[in-house]
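Scroll down for the structure; my scribbles are underneath it.
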Amino acid sequence: MGDSTPFPEPAAIARAELFTREQFVYEGETLEDALAPGSARRRALDAAVAEIDAGADKPSIEWRRHYSLLLGLERLLSEEEPHLADRTVLSAHQVDALSGTLTALLAEAQRNGNGSSNGAGPAPAPQELVAAAIPGEEDSDEDDLDDGEPEDEEPQDWQDDEELDEDVELDEAPEDPNADRRFWFEHATGAGKTVAALGFVEASRTGGILILTHRRNLVDQFNGELRDRGYRDRISAPLMNGRDSANGPVTVETYQWFVRNAGKISDAYTIVICDEAHTALGEKTSAAIRAWSGPIFIGMTATGALIARHVTDLFPTQTSRFDLAQAARRGVIAPLRCIRIPPGPGVRTIAKVPLRRGEVDTEFDQEMLAELLDQTPFNMAIADLYKTRFNNVPGVVYAAGVRHAYNVSQAFRDMGMKAKAVSGETPKRQLARILADYESGKIDVLVNAMLLAEGWNSPRATICMHLAPTASKRVYQQRVGRVTRRHPGKEAGIVVDFVHPATKHDDPVVTLHSLLDRDVYRGGAIVVGPVR
């Protein structure tokens with residue numbers, strides 16, 4: 001069947017739909033509209049029929065790369081209320097992330113004039129796809145996926161969370177031929193990036209999905225979401241060394257696993273979702289991503305606009321933006337109030353150092369900051385302040401270093417509050433138990449040295465206290481994101497900045513007002529929230 005056939009036979013369409021597990025003609029569409037010669041859907045149909053006629057029992061990897069996500073997004077977005085397997089209805093900004101990606105795929109296909117879904121060059125003709133479609137012997141070599149290396153422990157501190165490499169600044173590459181298949185979207189913390197990611201899982205019924213994240217505990221969180229949202233049967237151990245599966249397998253792994261196994265990961269993964277995409281910008285990680293020309297890469301982050309080595313260096317096409325202010329104005333996340341506590345630490349003499357090696361984004365030297373802040377009278381005063389103003393209100397306090405965190409938590413307990421300190425030095429099982437106790441209400445205050453800046457979510461967290469000031473807007477926004485989730489009885493997230501009430505935006509210390517570019521500080525007032 002070729003483009004010269006104006007109306008494909010219904011039997012051929014039915015066979016192709018069974019073969020690809022996708023729909024080619026939607027309710028209310030005519031054949032002329034749905035399968036116009038030269039359209040992406042028509043080419044997908046023709047290629048599928050050719051593979052069926054050649055005796056294939058599942059779509060080839062090449063077919064899945066070119067058509068699985070495109071057809072799936074069209075199908076999902078054709079629904080009156082796009083939803084996941086568990087009937088969770090996608091919100092407007094989550095739909096926007098999916099539709100933005102579909103638009104980018106279709107635009108690239110139109111530029112190439114070939115109907116391919118990811119800019120991978122001209123889509124192969126049906127007969128070219130056939131060669132890869134015929135079943136054969138698969139490589140059954142099951143090498144040790146981690147090369148015998150133990151999984152890395154949790155980082156000692158957030159700014160030391162460069163788990164893969166030294167992250168030196170790279171010269172701009174002269175060529176990046178696969179850049180047109182790498183996309184990204186920005187959604188505020190608490191706005192449901194994970195649900196948006198699962199929208200791509202829902203869309204890809206035959207192409208495999210590899211989800212990459214930067215910490216092992218987040219792998220467990222993603223797998224839990226997959227189980228809870230109706231995708232338990234699709235969770236798969238890593239497919240390696242040519243092993244194939246066409247049932248849309250979903251694997252969640254860490255970036256360090258990805259780098260260690262680069263070149264051995266199966267091409268059955270046609271979509272790679274990069275969680276917290278700003279953590280994928282290191283030299284080794286980005287090189288591994290650029291070297292893999294097969295999949296479509298989708299990065300997602302809450303702070304893409306704030307990082308010096310911008311996400312667009314690796315993911316050139318932004319498909320959706322729903323930032324902190326937008327999410328608060330629409331009521332998707334909790335409103336944010338701000339309290340400033342004067343006079344604030346004298347940080348002007350404290351040196352600034354790169355957050356990570358090779359980055360322009362800087363942070364106060366943590367050792368110098370801890371030396372300034374970690375004083376028993378000050379720690380007791382902070383504990384007294386918290387008890388007086390926020391007693392029994394769950395919160396998270398950011399300290400300057402591990403020792404400072406433990407000293408502050410002890411001061412809180414001395415004041416009769418249920419507080420615990422956590423850090424990268426906390427054993428994993430103990431950390432999990434402490435976080436569970438916080439969620440259940442056995443602990444009300446968590447004090448940490450940036451360990452909980454990202455990758456940890458507790459809807460009951462209400463107070464965000466910046467005891468250790470930060471010079472990085474990215475770090476500040478990640479901290480604030482811990483108190484943006486809605487929770488019964490939680491009217492607003494409360495942000496405590498230790499600065500003078502008259503602090504301006506040019507001050508080296510980031511404040512909620514400078515982050516959101518709000519002009520006037522009014523103690524305790526809502527800085528950003530739903531628009532009436």
Side-chain angles (χ1 to χ4, degrees), residues 90-98 100-101 158-159 161 183-200 211-215 217-218 221-222 225 255 273-281 297-315 317-336 355-356 359 361 363 396 398 448 450-459 461 464 466 470 472-486 493 495 510-512 514-517 527-529:
L90 301 179
S91 62
H93 63 278
Q94 290 161 346
V95 168
D96 191 47
L98 302 179
T101 303
W158 185 85
Q159 57 261 44
D161 188 22
F183 311 102
W184 72 286
F185 64 91
E186 178 180 359
H187 282 180
T189 300
K193 289 192 299 296
T194 301
V195 172
L198 296 187
F200 291 100
I211 300 174
L212 298 175
T213 190
H214 67 298
R215 286 184 179 163
N217 67 309
L218 299 182
Q221 286 186 25
F222 262 104
E225 285 284 343
Y255 287 112
I273 297 175
C274 297
D275 183 33
E276 303 291 0
H278 56 274
T279 64
L281 304 184
F297 285 85
I298 300 167
M300 57 184 191
T301 179
T303 57
L306 299 177
I307 63 176
R309 291 187 63 183
H310 203 277
V311 171
T312 52
D313 291 344
L314 186 59
F315 303 91
T317 304
Q318 184 173 13
T319 58
S320 174
R321 184 182 182 194
F322 192 60
D323 61 24
L324 188 70
Q326 290 173 304
R329 285 197 297 266
R330 291 195 194 176
V332 174
I333 62 175
L336 292 173
L355 263 173
R356 295 176 180 172
E359 283 201 9
D361 197 10
E363 178 60 292
V396 56
Y398 292 96
N448 76 108
M450 298 303 295
L451 176 69
L452 304 179
E454 61 183 9
W456 168 72
N457 303 312
S458 174
C464 175
H466 300 279
T470 177
S472 167
K473 286 188 174 182
R474 183 198 344 167
V475 170
Y476 190 98
Q477 182 167 315
Q478 290 286 4
R479 290 179 178 182
V480 170
R482 302 317 106 198
V483 299
T484 56
R485 282 173 169 76
R486 290 192 167 275
V495 179
V510 180
T511 67
L512 188 61
S514 64
L515 177 75
L516 297 173
D517 197 23
V527 180
V528 62

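We're numbering straight along the sequence, starting at 1.
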- Query: Between Pro335 and Gly529, which heavy-atom pair has the shortest distance, and what is it?
  - Reply: CB-CA, 4.0 Å
- Which heavy atom in Ala334 sits nearest to a heavy atom in Gly493, and how many Å separate them? CB-N, 4.1 Å
- Taking all atoms of both residues into account, what is the closest heavy-atom pair of His187 and Ser320, and its distance? NE2-OG, 3.4 Å
- Message: Has Gln94 got a side-chain atom pairing as donor or acceptor with Gly192's backbone, closer than 3.5 angstrom?
- Response: yes
- Closest heavy-atom pair, Gln318 versus Arg321, reported as atoms and distance to 0.1 Å, is NE2-CB, 3.5 Å
- Task: Run through Val195, Leu198, Asp96 and flag the one making a side chain to side chain contact (heavy atoms under 4.5 Å, CB included) with Leu90.
- Result: Val195
- Compare every heavy atom of Ala280 with every heavy atom of Leu314, then report the nearest pair and how far apart it is. CD2-O, 3.5 Å
- Query: Parallel, tilted or perpendicular for His466 and Tyr476, by the 30°/60° rule?
  - Reply: parallel
- Message: How close do Glu276 and Tyr255 get, counting heavy atoms only, and between which atoms?
- Response: O-OH, 4.1 Å
- Report the distance from atom OG1 of Thr470 to atom CD of Glu363, rounding to the nearest 0.5 Å. 3.0 Å
- Message: Please report the interatomic distance CD(Gln221) to CG(Asp275), rounded to the nearest 0.5 Å.
- Response: 9.5 Å
- Heavy-atom donor-acceptor pair, Thr484 side chain to Thr189 backbone, under 3.5 Å: yes
- Message: Tell me if a side-chain donor or acceptor on Gln477 pairs with a main-chain N or O of Ala302 at a distance below 3.5 Å.
- Response: yes
- Atom pair CD/SG of Gln478 and Cys464 - distance to nearest 0.5 Å: 11.5 Å
- Query: Looking at Leu212, Thr194, Thr213, which hits side chain to side chain contact (heavy atoms under 4.5 Å, CB included) with Leu218?
  - Reply: Thr213
- Considering only heavy atoms from C-beta outward, does the side chain of Val475 approach that of Tyr398 to under 4.5 Å? no
- Task: Please lay out, stage by stage, how Leu281 and Asp313 fare under the test side chain to side chain contact (heavy atoms under 4.5 Å, CB included).
- Result: CA-CA 8 Å; Leu281 304 184; Asp313 291 344; 5.6 Å; no
- Evaluate the side chain to side chain contact (heavy atoms under 4.5 Å, CB included) criterion for residues Val528 and Leu324: first the C-alpha distance (whole Å), next the side-chain angles of each, then the deciding distance (0.1 Å), finally the verdict. CA-CA 9 Å; Val528 62; Leu324 188 70; 5.6 Å; no
- How long is the gap from OG on Ser91 to CZ on Arg330, to the nearest 0.5 Å? 9.0 Å
- Out of curiosity, Phe200 CZ to Ile211 CD1, how far, rounded to the nearest 0.5 Å? 11.0 Å
- Task: Starting at CZ of Arg486, measure out to CD1 of Ile333 and round the result to the nearest 0.5 Å.
- Result: 8.5 Å
- Side-chain donor or acceptor of His278 paired with backbone N/O of Thr301 under 3.5 Å: no
